[in-house]
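FYI, side chains are in, hydrogens and waters are out, and symmetry mates aren't considered; it's all heavy atoms of this structure. Numbers here are sequence positions counted from 1.
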Amino acid sequence: MKIIEQLISENYSEDVPFKELGEILDYEQPNRYLVKSASYDDSYNTPVLTAGETFLLGYTNQTDGICPPSQEKPFIIFDDFTTAFKWVTLPFKVQSSAM
């Protein structure tokens, strides 16, 4: 908690209003983007991601249930176990719903 308090004290400005995350972000459980097989191959097109340290597990040839982020509407993948997160702008599938 001391780190958060330090960041707030160093960066707080009355010019920037406080907002709850739910006011600026939508939360989506990734179940519909789960990859059905771990048969990854670098010759396939769709990346399979995890929010942990590994991030890119491989590529899949599955074409259904691909997550559709874009430069205009990116996704933030957050791992609820490790608290790692990634900013993603390319279509992908995920290996686990634990994010």
Side-chain angles (χ1 to χ4, degrees):
M1 197 61 158
K2 287 186 177 190
I3 293 172
I4 292 174
E5 291 168 356
Q6 179 182 349
L7 287 170
I8 291 171
S9 70
E10 292 172 358
N11 298 291
Y12 174 75
S13 168
E14 290 187 24
D15 298 335
V16 179
F18 176 84
K19 294 204 180 244
E20 296 283 337
L21 281 178
E23 293 179 62
I24 57 174
L25 298 173
D26 293 324
Y27 173 78
E28 183 175 355
Q29 191 67 21
N31 294 338
R32 66 182 173 165
Y33 308 122
L34 288 173
V35 70
K36 294 182 177 89
S37 167
S39 298
Y40 308 138
D41 190 297
D42 288 345
S43 68
Y44 298 148
N45 294 325
T46 305
V48 179
L49 308 179
T50 182
E53 295 291 323
T54 309
F55 186 57
L56 175 61
L57 297 174
Y59 294 86
T60 182
N61 62 350
Q62 295 175 26
T63 58
D64 62 315
I66 295 175
C67 187
S70 67
Q71 290 289 336
E72 297 77 31
K73 191 171 182 182
F75 277 49
I76 300 170
I77 297 177
F78 179 80
D79 187 320
D80 58 358
F81 294 119
T82 67
T83 68
F85 64 93
K86 300 288 184 181
W87 182 273
V88 182
T89 59
L90 300 172
F92 63 90
K93 302 267 303 167
V94 296
Q95 178 263 341
S96 169
S97 64
M99 51 173 76

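Linking Ile, Leu, Val, Met, Phe, Trp and Tyr residues whenever their side-chain heavy atoms come within less than 4.5 Å places Phe55 and Tyr44 in a single cluster. Under the 4.5 Å side-chain contact rule for hydrophobic residues, Val94 and Val88 share a cluster.
Rounding to the nearest 0.5 angstrom, the gap separating the NZ atom in Lys36 from the CG atom in Asp64 is 3.5 Å. From Phe75, atom CZ reaches atom CG of Leu25 across 11.5 Å, with rounding to the nearest 0.5 Å. Taking OG of Ser13 as the start and CD1 of Ile8 as the end, the distance is 13.0 Å to the nearest 0.5 Å.
Lys93 places a side-chain N or O within 3.5 Å of a backbone atom of Leu34 that can act as its donor or acceptor partner. At distances below 3.5 Å, at least one donor-acceptor pair connects side-chain atoms of Gln29 with backbone N or O atoms of Ser97.
Closest approach of Glu28 and Arg32 over heavy atoms only: OE2-NH2, 2.7 Å. Looking at every heavy atom in both residues, Leu90 comes nearest to Pro69 through O-CG, 3.2 Å. A pairwise comparison of heavy atoms in Trp87 and Pro74 identifies CZ2-CG, 3.2 Å as the closest pair. For the residue pair Tyr59 and Asp42, the shortest heavy atom distance occurs at CD1-OD1, 3.7 Å.
Within the 4.5 Å cutoff, no side-chain heavy atoms of Gln62 are placed close to those of Thr46. Residues Phe85 and Ile77 have side chains not in contact (no heavy-atom distance under 4.5 Å, counting atoms from C-beta outward). Between Leu56 and Leu49, the closest side-chain pair of non-hydrogen atoms falls below 4.5 Å.
Under a cut-off of 6.0 angstrom, the local environment of CG in Asp41 is crowded, with over 12 non-hydrogen atoms contributed by other residues, nucleotides or ligands. At most 12 heavy atoms of other shown residues, nucleotides or ligands fall within 6.0 angstrom of atom CD in Glu20.
Below 30°, between 30° and 60°, or above 60°: for Tyr33 and Phe92 the angle between ring planes is between 30° and 60°, a tilted geometry.
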